[in-house]
Structure formats: structure tokens, C-alpha cells
There are 2 protein chains.
Amino acid sequence: MAMTDVPEVVIRRLPLYVRHLEHLIEQGERVISSAGMGRLIGVTPAQIRKDLSYFGEFGRQGLGYDLVYLRSQLLHILQADKQWHLALIGAGALGHALVHYREFREHLYHIVAAFDVDSAKVGSQIGDLTIQGMDDLADTVADLGVEIGILAVPSDAAQQAADDLVASGIKAILNYAPIGLSVPDGVRVAHIDPLASLQTLSYHL
Amino acid sequence: MAMTDVPEVVIRRLPLYVRHLEHLIEQGERVISSAGMGRLIGVTPAQIRKDLSYFGEFGRQGLGYDLVYLRSQLLHILQADKQWHLALIGAGALGHALVHYREFREHLYHIVAAFDVDSAKVGSQIGDLTIQGMDDLADTVADLGVEIGILAVPSDAAQQAADDLVASGIKAILNYAPIGLSVPDGVRVAHIDPLASLQTLSYHL
DNA sequence: GCGTGTGAAACAATTCACAGCG
DNA sequence: CGCTGTGAATTGTTTCACACGC
């Protein structure tokens, strides 16, 4: 019931719950029990109830959870119910894919500016954004209210770019570069590392 | 010392260790202590020693760990020291980025075939691969010895494509589709979900 | 002395089991 | 009765602290 001291692992599960709630809503369902949802996702019903209980009481005794209501509550907890402005650093093949990734736009995470360290790319288009030089980063972040940076540069440019993002005032970075970033306290990094994912897969084969 | 019953969370840290070992090797270092490595990565020295102890004894008392030796041992544990053959399903912008992603090739994970459900794309090139139709999947997987599938299709096509991969005999899937896949026991799925990562970031902001 | 490897202790997460409510 | 919400019990993970070897 209290929202203090929520384990990080619980927060990482909330987006998963949202995904499955949306799927059920699309199928025209209205209500689900923790048992039903657990079967669907592959976790225990107790875990779902416990996870939700960190944030409040969202279910109805004897009935289950209202899908639309629970989804809206979870999105609110994640602050995913308001619009976010993202800056993309790195206009390579990956940057291209990210700019065109529909999931982001459809879920209120909007890439509003693109940058590249390579001055040859500056001025050309990526999606409907004009690629800017890193010199413009701080001004653009301030002007457009950018809250989150996406790093999609080669690993040898990543730390410098991260430093630039931090200097511009950004407090959250989604890092696609295959390297651990060092950032000051108060800045949060989420790391996506496909090679690491493949290596954990091949371990089990 | 025994290799039985290794917690999954330990396995997910091994690629991280490998990354930092490689970084140190590039810088010309030869040896590091668990304390030095812990400072670098941001974990406790005890955790590193405990993690490694699940697999054997790799350090030297009073000295630390030989970087090249430890890296080779970790790569061997992860089975990342031999070549793997991957099949890409989905030749959109993301598939494009994945085919050109150097990390994979440089680390022995080779995309050797590409497929798409859209017959209009079949026959055209992606990188230096010719896009094939899903009908060819089983034969190509068998012919080329594909062990891992990469799913980079829209969510409404993902479960069907996953079923096709499973039917072709594949036992590991790297899933970029924003949806939970249901697969039989014995098939392992690693899920990369950038939106979920953004949502955990915005939670903390 | 320095730093590993490892049981034991401390801490964290998950699951159990049941009171309580609609 | 069905199903939530939650303390208590269990299980899993991390950290401690020290014996041992270089």
C-alpha cells in the first residue's frame, strides 16, 4: 500500500503487465484475475498481487482487476501517461530504425531531435528530423524540453556522447552502445545489449 | 567450484564481465583484482569472486585475475568461443540495423539467412543476404545449421513467426517484437523491449 | 602482505496461506 | 463462494569475514 521502497525488479515487471493488459483489452476482455494473468504471463498469481500492492489496491474482491482501470493506473505509476521528449545521438543504421520505431511514438515517447558526431551527416534528414551537430545539443535539449537521451553511437564515441548528454542536463539515458557508461549520481542509464542477450542464449544451448 | 545450479542472474552478469575484460585488454592491462574490477563495473568484489566461483578457480592468490585467461574462460562458459549461425526474421528497418550490426559478426554470432513474411520483399537484398520467404525457413535452418533465430517482425506477426522457428527446430530466439511469445519447454527466449526500458526510465524521473 | 575462494550471516525476493470483503 | 491484499515462511542472492596460498 505504501509506495516507498519498491524493489527495482518489481518496476521492471510493470511494463510487462501493461503489455499483456493491452493485449487483453484489444481482445475485448474487461476483467481478469491474478490467476488468469499469471497463467498468461507465466508468473505466479501471488507475485502479481504482491507487485501491485506496492502501489495501491487496484482489484475487487471476488472479481479480479478491471483491465482498463489497471492499465491506466500502471501507466500513471510509470509516468508513461504523459508525453516524453527524446533526443537521439547517432544517425547510423540503428538510429534510423529507432526513429522509425512506431512503438515509441504510439506510447508517448517522441524522438524530437537527432544528433551525430560525424559532421558529414549534419544537415541531412533522418525520418523527418534534420541531423544536428553535437554543438547544438545543450541548446536543443533546453529549447525542446528533452528529458531522455538515446545513445546509438559506436562504443568509442559513447562515453563522450554520454558526458555531453549529462552536461546538457539530461537525467536518463537509453544506451545502445556496447559499453558500460559512467555517469554521475542522479543520472539513470538503461542498457540494451543484444550481444549480451545472445551470449546468455548460447550459454543454455 | 561445481557448475551445477548456477543462478540465472549470475549468467546474465558474465557478458558484462567479458565486456570490461576486453576493454582492459585493449588498454594493455594484463591482470586485475576483483576489487579493481568491482570499482570499474560498479559491483562488489565479493560478488565477482562468488560469481566466478560457480564455474571454477580462475584467479591467483595475492595477484588477481589474468585478463586474457579469464576472458577466454568466460567466453568458453558462455559458449561464445565458437561460431553460431543466426536467422533473421523480418527485413524492416530494425532487420537492416541488425544485419549491419558489427558486434554480432565480430563476436562469432553470424546472421546467415534473412526471411520476411512480406512476399514483396522476397528476393531483394539485405546486406549481402537475399531475403527468403517463410516457406524456405525449415530447409535453410537445416542446411545452414542455424541455431538461433532473431525475431524482428511487427507484434501481430511475431507469434506465428515464433511458431515457425520452433517448427524448424530452433531452440533459442532473440525477440525484438513487443510481445511475450509462448514457446514450448526447451526453447529459450531473450526479449529486447526498448519501450519497457524507457518506461522504467520515466518511472524514476 | 595481498587477494582469492568459500562457508556463514545478512539481506532481498518470492511464495504460501489465510483473513476479509464483495 | 471467489479472489484480493498481506503478514509470515520460504527460497534465493548478496555481502561478510577469514583460512589459505602466492
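Throughout, a chain's letter reflects where its sequence line sits, starting with A, and its residues are numbered from 1.
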Please tell me which of A:Q47 and A:R60 maps to the more 5' nucleotide of DNA chain C, matching each residue to the nucleotide holding its nearest heavy atom.
A:Q47
Sorted by chain and residue number, the ring pair (Phe, Tyr, Trp, His ring centres under 6.0 Å) partners of B:H23 (sequence neighbours excluded) come out as none
Separation of atom OH in A:Y65 from atom P in D:dG2, rounded to whole Å
17 Å
In terms of relative ring orientation, are B:F55 and A:Y203 parallel, tilted or perpendicular, with 30° and 60° separating the classes?
perpendicular
Between B:R13 and B:E8, is there a side-chain N and carboxylate O pair less than 4.0 Å apart?
no
Interatomic distance where CD belongs to A:Q61 and C1' belongs to C:dA19 [whole Å]:
10 Å
Using heavy-atom distances to pick each residue's nearest nucleotide on DNA chain C, tell me which of A:G62 and A:T44 is more 5'.
A:T44
Quick one: on DNA chain D, does B:A46 or A:L52 contact a more 5' nucleotide (nearest heavy atom)?
A:L52
Quick one: do A:E147 and A:K82 make a salt bridge, cutoff under 4.0 Å?
no
Could you tell me the separation between the CZ atom of B:R49 and the P atom of C:dC2, rounded to a whole number of Å?
15 Å
A:K50 has an atom NZ; how far is it from atom P of C:dC16, in whole Å?
13 Å
Between atom CG in A:D66 and atom P in C:dG22, what is the gap in whole Å?
17 Å
Value in whole Å for how far the C1' atom of C:dG3 lies from CD of B:E57:
13 Å
Between B:R13 and D:dT14, is there a contact of a side-chain N or O with OP1 or OP2 at under 4.0 Å?
yes
Return no unless some side-chain N or O of B:S34 is found under 4.0 Å from OP1 or OP2 of C:dG3.
no
Between C:dA13 (P) and A:R12 (CZ): distance, integer Å
10 Å
Could you tell me the separation between the CD atom of B:E8 and the C1' atom of D:dT11, rounded to a whole number of Å?
17 Å
